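Counting starts at 1 for both ligands and their atoms, following the listed order. Computed from a predicted model, the values in this text were never measured in an experiment.
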Amino acid sequence: MAFDYDLFVIGGGSGGVRAARVAAQGGAKVALAEESRYGGTCVIRGCVPKKLMVFASEFPTALSEARAYGWEVAQGPFDWAVFRARLHAELDRLEGVYRGILGNNGVTTYDMRARLIDPHTVELADGTRHSARHILIATGGHPVKPDLPGAEHALVSDDLFLMERMPKSILIVGGGYIACEFACILNGLGVEVTQFYRGAQVLRGFDEEARGLVAEEMAASGVGLRLNTNIAAMEKVAGGYRVTDTNGREAVHEEVLFATGRAPNTADLGLEVAGVAVGRKGEIVVDDYSQTSVPSVYAIGDVTDRVNLTPVAIREGMAFVETVFGGNPTPVDHDLIPTAIFTQPEMGTVGLSEEAARERGPIEVYATSFKPMRESFAGRTTRVLMKLVVCAETRRVLGCHIVAPGAGEMIQLAGIAVKMGATKEDFDRTVAVHPTMSEEIVTMKTPVRTA
Ligand code: NDP
């Protein structure tokens, strides 16, 4: 049977664009449909604008440190309108780069929504139908709010990049990556931030000691972090929202941000009609090769709700192309993925937390927490953490956890060693780079705990 395309990709985010590009470079006839902006969550409303906001928010601290280092600098106000205009110009540029990548590689693009009609056919919003030997769904996810009266007016992370003006105060609900990152960003930009987290400590699932230090530093830098607290009721009032929390306290916040998780974009995609199985959270169920229950349909990235990170979606896209167009079945390796949370200070982590490692067998824990030279000189009390979790039997480093300025950069490199299966002795025989914070990762001699 002759198809219009070898591959039809639905979704122009990081994963979809990479798969389309690589397949087209290999000679496949490829089309891609995107209903919104090219670049997807990462480029348009996630990682990239978030990181630029992280940079913007770090200047007040840098300026106060500069004064301690002898510079005469005065701190003026932050002009959100100026920053926002530059931010959006940059996002427009990046979107152009993504479009360019597709165009330059001969991928046909359709700027509209697409849905499946059957295992080999896609229907576009304009009613046209296109057949394809393979269909790749890479539609990502979206933020979700709890079902609470009044929540419909509140913000989600997508809205933060589009705000007309910076609020004076904000309540952030949630304790995951997005809640903690934006609590730090907005706090740095001068917004009065209150954060509610329903559990005992933010960043559930990460190493206890590491997340404890992040929470401590967040609170010390001015984030009003309230643990074991959730929204009980909210109503729109003049000047913001009156919020009652689960402990009975009431306060008015100009804005409320729900950072309470994300859900896969699988609604109205024609999955049921085509016979593509979805899981309990609406995620597309795939095997190790990203193949769905329909052999001609594959899915990658957040829509599959495996590990929801841009570089993982990109790898899944590459592995899909290698499997389907390269004739080389390639499973995606989801083990030992390094990741960073861009709080202030950042957390960089790879491998098992101390708590998870303990469940698996005997371990040794090497950890040190100290005031780094740069901040200490400036009179700041901020602390950092370097931590290794080591298997007592094999000596392999099972987990590396860093809380420090620049931890995201550090963990990328430590991640190579951990992925290679480095032992504690491999770390030990590496000479320290002095004077740095990260040298501590190779100079810890005695375990602080065994378990
Ligand atoms: P997460 O799933 O990480 O966190 C959701 C948070 O909201 C949790 O603290 C959860 O609490 C809480 N929550 C969920 N439902 C409710 C509710 N009904 N009421 C109150 N609190 C609630 O989601 P995020 O939105 O922060 O991030 C989504 C994903 O995006 C991340 O997991 C990550 O994969 C990715 N991401 C990665 C980034 C990076 O690499 N730096 C940055 C941003 C996002 P509980 O812990 O109790 O379940």
Side-chain angles (χ1 to χ4, degrees), residues 13-15 40-55 140-151 154-161 171-185 194-206 208 210-211 214-215 218 225-234 243-247 256-265 281 283 301-314 316 334 337-350 353 402-403 406-409 411-412 415:
S14 306
T41 298
C42 171
V43 176
I44 304 298
R45 59 192 86 85
C47 323
V48 172
K50 180 275 305 286
K51 188 83 189 270
L52 290 167
M53 284 182 76
V54 169
F55 292 142
H142 63 277
V144 289
K145 296 179 193 176
D147 195 10
L148 186 80
L155 304 173
V156 292
S157 57
D158 294 1
D159 304 318
L160 289 173
F161 311 111
L171 168 66
I172 299 180
V173 184
Y177 279 81
I178 296 179
C180 293
E181 290 183 343
F182 274 106
C184 293
I185 290 169
T194 307
Q195 183 181 358
F196 287 178
Y197 175 54
R198 63 184 178 182
Q201 187 53 280
V202 293
L203 299 171
R204 181 167 61 81
F206 291 98
E208 197 88 21
R211 65 195 183 120
V214 170
M218 283 173 66
L225 181 57
R226 307 257 311 277
L227 301 172
N228 299 308
T229 306
N230 207 347
I231 287 198
M234 61 187 286
V243 171
T244 311
D245 69 33
T246 44
N247 303 317
V256 174
L257 168 74
F258 283 102
T260 44
R262 296 176 61 87
N265 286 332
K281 289 171 68 186
E283 77 282 11
D302 288 7
V303 76
T304 62
D305 197 27
R306 286 177 279 181
V307 180
N308 298 332
L309 298 170
T310 301
V312 176
I314 290 173
E316 289 166 357
H334 289 108
I337 294 170
T339 180
I341 302 153
F342 293 98
T343 41
Q344 291 164 33
E346 294 171 11
M347 167 163 23
T349 176
V350 62
S353 65
I402 302 177
V403 178
E409 303 289 348
I411 206 68
Q412 179 68 82

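- Atoms of ligand 1 lying under 4.0 Å from any heavy atom of Asn230, numbered from 1 in the order shown and given with element: 19 (N), 20 (C).
- Nearest-residue assignment for atom 4 (O) of ligand 1 (options Pro143, Ala151, Gly176, Pro146; heavy-atom criterion): Gly176.
- For the pair Cys180 and Met347, the minimum side-chain heavy-atom distance is 4.5 Å or more.
- Close approach of ligand 1 to Glu181 (heavy-atom distance below 4.0 Å) involves ligand atoms 41 (N), 42 (C), 43 (C).
- Of all the atoms in ligand 1, the ones that sit under 4.0 Å from a non-hydrogen atom of Lys50 are 41 (N), 42 (C).
- Residue contacts with ligand 1: Ala179 is placed with no nitrogen or oxygen under 3.5 Å of a nitrogen or oxygen of the ligand (distance criterion only).
- Atom 28 (C) of ligand 1 has Arg262 CD, 3.6 Å as its closest protein atom, hydrogens excluded (heavy atom only).
- Look at Ala259 and you'll find a heavy atom under 4.0 Å from some atom of ligand 1.
- Proximity of a side-chain donor or acceptor of Thr229 to a complementary backbone N or O of Leu227 within less than 3.5 Å is detected.
- Closest heavy-atom approach to atom 9 (O) of ligand 1 within the set Gly205, Gly175, Ser157: this belongs to Gly175.
- For atom 7 (O) of ligand 1, the choice among Val202, Asp302, Thr260 with the nearest heavy atom turns out to be Thr260.
- In this structure, the protein non-hydrogen atom closest to atom 23 (O) of ligand 1 is Gly261 CA, 3.5 Å.
- Remark: side-chain polar atoms of Thr246 are paired, donor with acceptor, to backbone N or O of Asn230 under 3.5 angstrom.
- Residue-level proximity to ligand 1 for Leu309 is carried by the side chain, the only part with a heavy atom below 4.0 angstrom.
- Here the protein heavy atom with the shortest distance to atom 26 (O) of ligand 1 is Ile178 N, 2.9 Å.
- With hydrogens left out, the protein atom closest to atom 35 (C) of ligand 1 is Asn308 O, 3.3 Å, a heavy atom.
- Residues Val214 and Phe206 form no side-chain contact, since every pair of their non-hydrogen atoms from C-beta on lies 4.5 Å or further apart.
- Residue contacts with ligand 1 for Val307 are absent, since no atom lies close enough (heavy atoms, distance under 4.0 Å).
- Lys145 contributes a side-chain N or O that, together with a main-chain N or O of Ala151, makes up a donor-acceptor pair within less than 3.5 Å.
- When non-hydrogen atoms are compared, ligand 1 lies under 4.0 Å from neither the backbone nor the side chain of Phe196.
- Evaluated by nearest non-hydrogen atom to atom 17 (C) of ligand 1, the leading choice among Glu346, Arg306, Arg198, Arg204 is Arg198.
- The shortest N or O to N or O distance between Ala340 and ligand 1 is under 3.5 Å.
- Looking only at heavy atoms of the protein, atom 37 (C) of ligand 1 is closest to Tyr177 CD2, 3.3 Å.
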